[in-house]
Amino acid sequence: FERATFLVIAHSTRKAYADVHRFEKVSNIIKQFKLSCTKSHAEFRSMQVCNSKFRALIDAFTPTTYIMVVSSSSTALPTAITVNIANARDFFEKQLQMWNEPQ
């Protein structure tokens with residue numbers, strides 16, 4: 001998601017779902033939550049939601065994006081997801097630095 005507007009930048013899934021607008025719906029829900037945080041002078045950094053069917057984690061990814069990871073396993077360890085996001089964040093930050101360096 002783009003950081004300021006929560007527009008969906010990219011998504012990936014392993015199976016087809018009937019609701020083709022599900023990412024936009026999630027984006028709108030998070031936008032409303034972020035607005036509520038702003039109104040109460042709280043800073044939105046990350047969020048985790050889980051139930052018996054899934055676990056979802058949204059976290060700051062790059063200076064301009066957030067990442068959302070959804071696992072269909074409610075037993076997925078949140079620490080493992082967080083560590084994987086941190087490792088991917090480090091990789092992407094290095095790639096951005098290389099891309100932004102003058103030639």
So NZ of K34 and NZ of K31: to nearest 0.5 Å the spacing works out to 10.0 Å
Can you tell me how far the CZ atom of F33 sits from the CD1 atom of I58, to the nearest 0.5 Å? 9.0 Å
F91: hydrophobic cluster co-members (side-chain, 4.5 Å): L57, F61, I67, V69, I81, I85, F92
Flag yes if M68 and L35 sit in one hydrophobic cluster, no otherwise; membership is Ile, Leu, Val, Met, Phe, Trp, Tyr, and two members link when side-chain heavy atoms are under 4.5 Å apart. no
Check whether M47 and I29 end up in the same hydrophobic cluster, where Ile, Leu, Val, Met, Phe, Trp and Tyr are linked by side-chain heavy atoms less than 4.5 Å apart. no
Counterpart residues, side-chain hydrogen bond (donor to acceptor under 3.5 Å, both in side chains), relative to [X] (two or more places apart):
{"X": "K39", "result": "none"}
{"X": "Q48", "result": "R55"}
{"X": "T65", "result": "T62"}
{"X": "D19", "result": "K25"}

Taken in chain and number order and not counting sequence neighbours, the residues that satisfy ring pair (Phe, Tyr, Trp, His ring centres under 6.0 Å) with Y66 are F6, F44
Only counting residues at least two apart or in another chain, list the ones meeting salt bridge (charged side-chain N to carboxylate O under 4.0 Å, His left out) with R22. none
K94 meets the salt bridge (charged side-chain N to carboxylate O under 4.0 Å, His left out) criterion, sequence neighbours left out, with none
Which residue pairs satisfy the salt bridge (Lys or Arg N to Asp or Glu O under 4.0 Å) criterion with at least one member in residues 58-68, sequence neighbours excluded? R45-D59, D59-R89
Please check if the side chain of N51 supplies one atom and the backbone of F54 the other of a donor-acceptor pair under 3.5 Å. yes
Under 3.5 Å donor-acceptor, T82 side chain and P78 backbone: yes
Identify, with sequence neighbours excluded, every residue that meets side chain to side chain contact (heavy atoms under 4.5 Å, CB included) alongside A42. C37, S40
